Amino acid sequence: MSGDIKSVEKAMHLLDTLAAARTPLSLQELSMRCEYPKSTVYGLLSTLRQFHVIEQDGVTGHYRLGMHLFELGNVVSSSWDVLGTARNYMPAIAQTIGETVGLWMYQENEVICLFQQDTGNPMRVVTQAGTRFSVHCTATGKAILTWMPDRELRLRQMERTNAMSVFTPHTIVTREGMLREMERIRGNGVAIENGEHFIGLRSVAAPVFDSSDIPRYALAVSGMFRSIKEEHFTKAARMIWEACMNMSRDMGYMKEYPPYRLRFDE
């Protein structure tokens with residue numbers, strides 16, 4: 001493991017060296033600037049070229065940063081764009097509801113916290129940016145997954161890899177259960193987490209679509225609500241839905257946003 005980590009460190013140093021040079025460099029120049037043997041640098045370059053992180057000029061043989069870094073940078077940039085957009089809506093919700101509002105992003109059957117709007121409430125939910133949770137037990141994860149075009153394929157993959165872990169007695173852990181839950185979510189327009197990840201914690205979330213019509217993000221209000229049927233919770237649900245509808249439009253989503261029809265099964 002330590003050898004793998006050292007290789008990553010050397011690869012990152014190599015990329016930083018190329019970025020600082022602002023011009024293609026030869027193998028010899030990279031070896032001198034990085035202070036690594038030429039054989040080590042060549043091995044790193046060969047691996048990075050396979051992933052298009054490094055490119056080699058066909059005439060001079062010099063190396064430069066590859067287009068895949070540009071593609072990755074665009075992904076990061078879009079995350080910051082959505083954060084700037086979300087900050088137009090999150091403070092008002094947090095102030096009105098008095099509970100934590102979070103912006104989350106989908107990645108590989110998990111949701112990642114990008115930003116949390118705090119309220120100062122001593123009983124507030126605190127989640128650090130970068131925290132990851134499974135999609136099947138969170139309002140944000142379910143809100144995103146419900147409107148994914150390949151949601152059933154993703155559910156089969158989660159079932160096959162035993163990715164739907166049990167966190168509380170309320171956690172949904174089967175594909176059939178998730179399909180029924182997603183049907184309710186599509187009918188309501190928002191997703192609800194009712195003690196599925198932590199006992200006592202209740203959340204409501206809605207998806208944020210981008211210009212490619214994919215729900216890559218979600219906003220959620222999370223707190224120790226007494227009940228999902230109380231007026232305070234339903235008010236939060238409506239505010240989250242409206243914010244996510246407006247955010248989606250800000251992000252270039254042109255289709256009709258899912259309607260809000262929150263109701264509770266008797």
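Just so you know, these numbers come straight off a predicted model, no measurement behind them.
The environment of H52 atom NE2 is sparse: at most 12 non-hydrogen atoms of other residues, nucleotides or ligands sit within 6.0 angstrom. Remark: E231 CD is loosely packed, at most 12 non-hydrogen atoms of other residues, nucleotides or ligands lying under 6.0 Å away. By the 6.0 Å contact criterion, CD on Q95 is open, its count of non-hydrogen atoms from other residues, nucleotides or ligands being 12 or less.
Y106 and N109 are linked by a side-chain donor-acceptor pair at a separation below 3.5 angstrom, with hydrogens and angles left out of the test. Counted by atom type alone, R132 and Q107 present one or more donor-acceptor pairs between their side chains at under 3.5 Å.
Of the charged side-chain nitrogens involved, at least one lies within less than 4.0 Å of a carboxylate oxygen, so that E242 and R238 count as a salt-bridged pair. Contact check on E183 versus R180 returns no salt bridge, with no Lys/Arg side-chain nitrogen under 4.0 Å from an Asp/Glu carboxylate oxygen. E181 and K142 are joined by a salt bridge, as a carboxylate oxygen and a charged side-chain nitrogen come within less than 4.0 angstrom of each other. Salt bridge R156/E159: absent, no basic N to carboxylate O contact under 4.0 Å.
With respect to V101, the side-chain contact (heavy atoms from CB on, under 4.5 Å) criterion is satisfied by exactly one of D118, T96, V221: V221.
Contacts of A206 classified as side chain to side chain contact (heavy atoms under 4.5 Å, CB included), with partners at least two apart in sequence or in another chain: V190, I240, C244, Y257. In this structure T60 satisfies the side chain to side chain contact (heavy atoms under 4.5 Å, CB included) test together with D57, H62, sequence neighbours excluded. A search for ring-ring contact (aromatic ring centres under 6.0 Å, His included) contacts involving H13 returns Y36, not counting sequence neighbours.
Nearest approach of H136 to M158, heavy atoms of both residues: CB-CE, 4.1 Å.
No side-chain heavy atom of K229 sits less than 4.5 Å from a side-chain heavy atom of T234. Within the 4.5 Å cutoff, the side chain of L14 has heavy atoms near those of the L30 side chain.
Linking Ile, Leu, Val, Met, Phe, Trp and Tyr whenever their side-chain heavy atoms come within less than 4.5 Å leaves M32 and Y63 in two separate clusters.
Cation-pi contact between R87 and F115: present, with separation from the ring centre below 6.0 Å and deviation from the ring axis of at most 45°.
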